[in-house]
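Please read the structure below before turning to the comments.
Ligands are counted one by one from 1 in listed order, and the atoms in each one are counted from 1 as well.
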Amino acid sequence: MNIESNISLKPFNTFGFDYKVSKLIHLTSQDKSAVFFRSKSETDVNMFIIGGGSNLLFTDDFNGTILHPVFGGTEVVWNNDDKVIISVGSGIKWDDLVNWTVSQGLWGLENLSLIPGDVGASPVQNIGAYGVEVKDMIDKVETIRISDGQNISFSNEECGFRYRYSIFKGEEKGKYLVTRVHYRLSKKPSFNIEYGSLRDEIQKLGKISIHNIRDAVINIRRKKLPDPLIIGNAGSFFKNPVVNEALSSYLKKIHPDLPVYAEKNGMSKLAAGWLIEKCGWKGYRRGDAGVYDKQALILVNYGKASGSELNILAEDIRKSVAEKFSINLEREVETVTSI
Ligand code: EPU
């Protein structure tokens with residue numbers, strides 16, 4: 001366990017905000033974390049768990065303790081002729097894991113290439129891209145309960161996964177620290193390449209292979225999405241809204257080019273990026289806070305924007321989409337404040 005005091009959060013949030021945190025604890029092992037949770041003091045009441053910080057909006061200094069799990073290790077825990085289950089430490093960089101599974105010919109995570117953040121965040125927000133959600137590969141999630149330091153394991157079902165959601169982001173928020181995630185992967189080709197231009201991009205590279213799927217996803221992401229190391233951002237700022245059939249067909253009639261994806265139960269998912277672009281925000285800039293010019297769902301910090309400026313811009317965008325389309329965009333990015 002390594003403790004730092006009054007240090008900058010800049011390396012710990014992909015928006016690149018230079019706020020300070022009173023205490024940052026890097027948790028290196030399950031045992032030490034359990035001891036810490038059993039003996040934590042009153043001053044550790046205001047606690048927040050951080051992974052790669054790729055989905056967070058800090059709007060001020062954090063007056064409290066931030067826990068940063070850095071558990072490592074990847075091991076095979078079960079396998080047969082077709083499938084394998086691997087257990088991965090929550091502190092491992094997500095894309096290092098995907099790079100490894102692809103190099104081993106283990107199918108399942110390749111569409112999720114280049115997503116920023118750590119393994120521990122993958123179940124929390126059920127990361128997804130190019131037609132795949134990580135929930136379909138997660139076997140179980142190992143955690144430590146913060147209230148008493150107990151090891152608690154959650155089966156896939158117990159995680160309550162939905163689109164960009166799990167209980168760790170909802171009713172159990174802040175109660176468990178993810179230590180390891182178990183993924184069930186396929187030794188035999190098993191893929192989904194129907195999203196957008198993915199198939200075409202793969203064809204440019206040659207045959208359908210796990211390596212070409214990863215490379216195609218990387219190519220598409222690099223064209224559309226800003227690299228957080230160059231322009232501060234947290235990926236999609238809002239979720240794609242899921243609306244009922246009546247509203248989606250009404251909007252589709254007025255706007256035939258609106259992208260609509262059918263969901264279960266007659267609901268439809270709409271492209272928030274399209275809605276935001278139609279309200280005229282794409283490429284908009286107010287000081288150093290802006291809307292990315294190649295993808296309107298991404299808010300960016302061109303350098304010196306504050307979290308509050310981004311927050312105000314996001315609220316203005318939400319209001320204008322609500323006025324024009326009667327749709328209330330929900331944030332995917334989490335705003336972090338201390339008491
Ligand atoms: N679109 C526009 N204008 C824009 C942006 C998008 O018209 O400015 C249209 C596109 O032309 C396309 C549709 O909206 O027809 C969807 O766009 P895109 O394929 O770029 O994906 P998205 O729905 O905006 C989602 C995820 C991304 C993920 C991509 C690819 C959410 C909130 N976002 O974005 O995830 O990479 O699909 O699968 O579901 C993230 O969560 O941080 C993230 C980047």
D215/R222 salt bridge by N-O under 4.0 Å criterion: no

Could you list the atoms of ligand 1 found under 4.0 angstrom from a heavy atom of L297? 24 (O)

Can you tell me if N79 and K187 form a side-chain donor-acceptor pair at under 3.5 Å? yes

Do the side-chain N and O atoms of S8 and D18 include a donor-acceptor pair separated by under 3.5 angstrom? yes

Tell me: protein heavy atom nearest atom 17 (O) of ligand 1, and distance? Q295 NE2, 4.0 Å

Tell me, which protein residue and heavy-atom name are nearest atom 40 (C) of ligand 1, and how many Å apart are they? S236 OG, 3.3 Å

At a 4.0 Å threshold, what atoms of ligand 1 neighbour a non-hydrogen atom of A129? 36 (O), 38 (O)

With a heavy-atom distance limit of 4.0 Å, tell me whether A296 approaches ligand 1 through its side chain, its backbone, both, or neither. both

Under a 4.0 Å threshold between the charged nitrogen and the carboxylate oxygen, would R164 count as salt-bridged to E330? no

Determine whether the side chain, the backbone, both or neither of E332 has a heavy atom under 4.0 Å from any heavy atom of ligand 1. side chain

Atom 15 (O) of ligand 1 has as its nearest protein heavy atom P259 CG, 3.5 Å

Of all the heavy atoms in R164, does at least one lie under 4.0 Å from an atom in ligand 1? yes

Aromatic rings F58 and F48: how do their planes relate, parallel, tilted or perpendicular, breaks at 30° and 60°? perpendicular

Under 4.0 Å from atom 20 (O) of ligand 1, can you find at least one protein heavy atom? yes

State whether K20 and D61 are salt-bridged, where the test is any N-O pair (Lys NZ or Arg NE/NH1/NH2 against Asp/Glu carboxylate O) under 4.0 Å. no

Do the ring planes of F12 and H26 sit parallel (below 30°), tilted (30 to 60°) or perpendicular (above 60°)? tilted

Output the list of atoms in ligand 1 that are nearer than 4.0 Å to some heavy atom of R221, sorted by atom number. 36 (O)

Provide the number and element of each atom of ligand 1 under 4.0 Å from a heavy atom of Y163. 31 (C), 32 (C), 39 (O)

Give the atom numbers and elements of ligand 1 that come within less than 4.0 Å of a heavy atom of F238. 32 (C)

Subset of ligand 1 atoms that lie under 4.0 Å from at least one heavy atom of G235: 42 (O)

Using the ring of each side chain (for Trp, its six-membered ring), is F191 parallel, tilted or perpendicular to W107, with breaks at 30° and 60°? tilted

So the atoms of ligand 1 within less than 4.0 Å of a heavy atom of A271 turn out to be 13 (C), 14 (O)

How about K269: does its NZ atom have over 12 heavy atoms from other parts shown lying under 6.0 Å from it? yes

Which residue and non-hydrogen atom of the protein lie closest to atom 7 (O) of ligand 1, and at what distance in Å? W274 CD1, 3.3 Å

Does ligand 1 have a heavy atom under 4.0 Å from the side chain of E277, from its backbone, from both, or from neither? side chain

Look at atom 38 (O) of ligand 1 and say which protein heavy atom is nearest, naming residue and atom and giving the distance to 0.1 Å. Y130 N, 2.6 Å

Check Y261 against ligand 1 and report side chain, backbone, both or neither, counting heavy atoms closer than 4.0 Å. side chain

Please state which part of Y195 comes within less than 4.0 Å of ligand 1, counting heavy atoms only: side chain, backbone, both or neither. side chain

Do T101 and Y183 meet the criterion of a side-chain donor-acceptor pair at a distance under 3.5 Å? no

Could you check whether atom CD of E158 has more than 12 heavy atoms from other residues, nucleotides or ligands sitting under 6.0 Å from it? yes

among protein heavy atoms, the one nearest atom 10 (C) of ligand 1 is K224 NZ, 4.6 Å

In terms of side-chain geometry, is the basic nitrogen of K93 or D118 positioned less than 4.0 Å from the acidic oxygen of its partner? yes

Is it the case that over 12 heavy atoms from other parts of the model lie below 6.0 angstrom from the CD atom of E157? no

Heteroatom proximity flag, N240 to ligand 1, N/O under 3.5 Å: yes

Atom indices of ligand 1, in the order listed, that fall short of 4.0 Å to a heavy atom of K282: 3 (N), 4 (C), 8 (O)

